[in-house]
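When reading the values below, keep in mind they use all heavy atoms of this one structure, side chains included, and skip hydrogens, waters and symmetry mates. The residues of the chain are indexed from 1 along the displayed sequence.
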Amino acid sequence: MLLVRHFEERCFELYSGREIRGFLHLYTGEEAVAAGVTAALAPDDAVVSTYRDHGHALARGVPADAVMAEMFGKATGTSGGRGGSMHIFDVSRRFYGGNAIVGGGLPLAAGLALADRMRDTGRVTCCFFGDGAFAEGEFHETANLAALWRLPLLLACENNLYAMGTKLAHEHAVTDLALRAASYGMPAWSVDGMDATAVALAARQAVDGVRGGGGPYFLELRTYRFRAHSMYDPDRYRSKEEIARWRTRDPVTALAARMRVDGELDDDALKKLEDLAAREVEDAVEAARAAPEEPAADLLRHVVSPAEEPA
């Protein structure tokens with residue numbers, strides 16, 4: 001969680017300094033979801049993410065230097081610098097994007113889960129998506145087929161209360177998303193997404209249920225992004241008072257406080273963890289700055305098929 005927090009806040013600074021360009025959607029405030037859910041997954045399970053994907057990638061174990069290089073558009077990035085912020089991808093960790101389309105990862109996740117079910121691999125596919133994607137047809141088609149075919153799929157809905165700038169109540173007639181998901185015949189419940197322990201326990205229960213042959217499970221993870229929807233967003237649809245109230249529930253400081261009470265963490269240990277995370281991020285920034293650009297001669301690779309040699 002500390003690594004994700006430092007990474008995202010550093011990206012905010014780099015974007016403001018025009019070292020990172022393009023679209024940038026920060027995950028600050030939602031760290032407990034990424035950490036808690038991915039902790040319940042096995043290394044050979046699959047993860048499908050959204051355009052707010054850095055936190056998921058880092059929690060999944062994708063190296064920070066590869067993610068940062070992708071932000072810089074460098075050849076050492078996870079997608080060779082071609083994908084940028086919204087398309088972090090690492091097949092070696094079964095991390096299948098980063099997807100710029102709202103709800104676009106849902107059918108892909110269903111396909112991965114179907115393949116695993118047909119091969120009887122025992123793997124689970126976890127698909128992250130937001131409350132905005134819940135309003136898309138892709139969600140309802142995926143949920144219906146997943147329940148019908150009993151796919152090994154965990155549907156992890158990050159409900160941060162806003163679909164871009166549209167408030168949840170202005171988008172959904174019924175705002176209890178878990179209740180609606182349950183209508184497809186799958187276990188579904190809501191979780192405090194600002195509580196890392198609650199997320200981890202719920203994710204473990206859900207993953208165990210999916211892996212045990214229970215078909216798809218749905219978690220509504222009620223969370224909040226402290227930053228705007230994206231760096232292009234003036235964030236005029238919510239008040240500063242609302243943001244301040246949610247910041248009092250910061251998942252990072254809340255977990256640290258709980259660990260202090262339980263005798264699992266003291267100030268010195270927390271300082272060491274903070275320093276380690278900050279150092280890892282700064283090393284990633286320096287590596288990205290020094291990394292090469294993709295050669296212009298390679299720009300058509302993966303775009304057009306190579307010419308066949310004459311017979």
Side-chain angles (χ1 to χ4, degrees), residues 23-27 29-30 32-34 36-38 46-57 59-60 83 85-89 95-114 124-147 151 153-184 186-191 193 199 202-203 206 210 216-225 227-230 232-233 237-238:
F23 289 98
L24 181 66
H25 304 81
L26 298 175
Y27 200 67
E30 301 185 30
V33 174
V37 173
T38 56
V47 177
V48 179
S49 184
T50 68
Y51 48 68
R52 202 179 306 278
D53 57 351
H54 323 143
H56 303 147
R60 185 59 175 167
S85 167
M86 295 192 288
H87 299 100
I88 307 300
F89 189 95
F95 187 81
Y96 297 109
N99 197 307
I101 305 300
V102 174
L106 284 156
L108 302 178
L112 289 165
L114 176 60
V124 171
T125 295
C126 172
C127 184
F128 291 101
F129 58 99
D131 50 289
F134 194 102
E136 297 283 337
E138 291 94 333
F139 168 76
H140 299 280
E141 292 165 348
T142 297
N144 180 63
L145 286 177
L151 299 184
L153 179 63
L154 172 59
L155 295 166
C157 179
E158 296 180 310
N159 179 3
N160 60 25
L161 304 183
Y162 290 91
M164 297 181 69
T166 303
K167 199 167 186 176
L168 185 72
H170 297 162
E171 177 191 11
H172 295 280
V174 176
T175 57
D176 188 334
L177 304 186
L179 178 66
R180 293 170 60 193
S183 71
Y184 286 103
M186 68 180 76
W189 67 95
S190 300
V191 184
V199 173
V210 174
Y217 274 58
F218 177 96
L219 293 179
E220 179 192 356
L221 301 145
R222 296 179 175 176
T223 184
Y224 196 83
R225 50 175 166 80
R227 296 286 184 187
H229 167 72
S230 74
Y232 282 105
D233 177 11
Y237 45 82
R238 55 186 189 171

J.: Holding to side chain to side chain donor-acceptor pair (under 3.5 Å), I want the full list of residues that pass it with S190, two or more places apart in sequence or in another chain.
T.: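 If we apply the side chain to side chain donor-acceptor pair (under 3.5 Å) test to S190, skipping adjacent residues, the hits are E220, R222.
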J.: Does N160 offer a backbone N or O that forms a donor-acceptor pair with the side chain of D131 under 3.5 Å?
T.: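 Yes, because the side chain of D131 sits within donor-acceptor range (under 3.5 Å) of the backbone of N160.
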J.: Does the gap between the ring centers of F139 and F129 come in under 6.0 Å?
T.: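 Centroid separation for F139 and F129: below 6.0 Å.
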J.: State which residue, out of V48, T50, L108, fulfils the side chain to side chain contact (heavy atoms under 4.5 Å, CB included) condition with N99.
T.: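 Testing each of V48, T50, L108 against N99, the sole residue satisfying side chain to side chain contact (heavy atoms under 4.5 Å, CB included) is L108.
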J.: Donor-acceptor pair, R180 side chain versus V174 backbone, under 3.5 Å?
T.: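 At least one qualifying donor-acceptor pair exists.
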J.: Quick one: does any side-chain atom of R52 pair with a main-chain N or O of H229 as donor and acceptor, under 3.5 Å?
T.: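 Here the side-chain-to-backbone pair exists.
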J.: Out of the candidates E30, E158, R238, only one should pair with Y224 under the side-chain hydrogen bond (donor to acceptor under 3.5 Å, both in side chains) rule; please name it.
T.: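 When side-chain hydrogen bond (donor to acceptor under 3.5 Å, both in side chains) is applied between Y224 and each of E30, E158, R238, only R238 qualifies.
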J.: Side chain to side chain donor-acceptor pair (under 3.5 Å) between S85 and H25: does it pass, once the steps are laid out?
T.: CA-CA 8 Å; S85 167; H25 304 81; 5.0 Å; no
J.: In this structure, which one of V33, L168, T223, L221 forms a side chain to side chain contact (heavy atoms under 4.5 Å, CB included) with N159?
T.: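 Exactly one candidate clears the test, L168.
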J.: Between the side chain of D53 and the main-chain N/O of I88, is any donor-acceptor distance below 3.5 Å?
T.: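 It does hold such a pair.
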J.: For K167, does its backbone N or O pair with a side-chain atom of H172 as donor and acceptor, under 3.5 Å?
T.: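 Not at all, since once roles are kept as given, no pair shorter than 3.5 Å links the two residues.
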J.: Determine the sole option in L151, L114, V47, L153 for which the side chain to side chain contact (heavy atoms under 4.5 Å, CB included) test with T125 is passed.
T.: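 Single pass found, and it is L153.
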J.: Are H140 and F134 an aromatic pair by the rule of ring centers under 6.0 Å?
T.: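 Distance test on ring centres: under 6.0 Å, yes.
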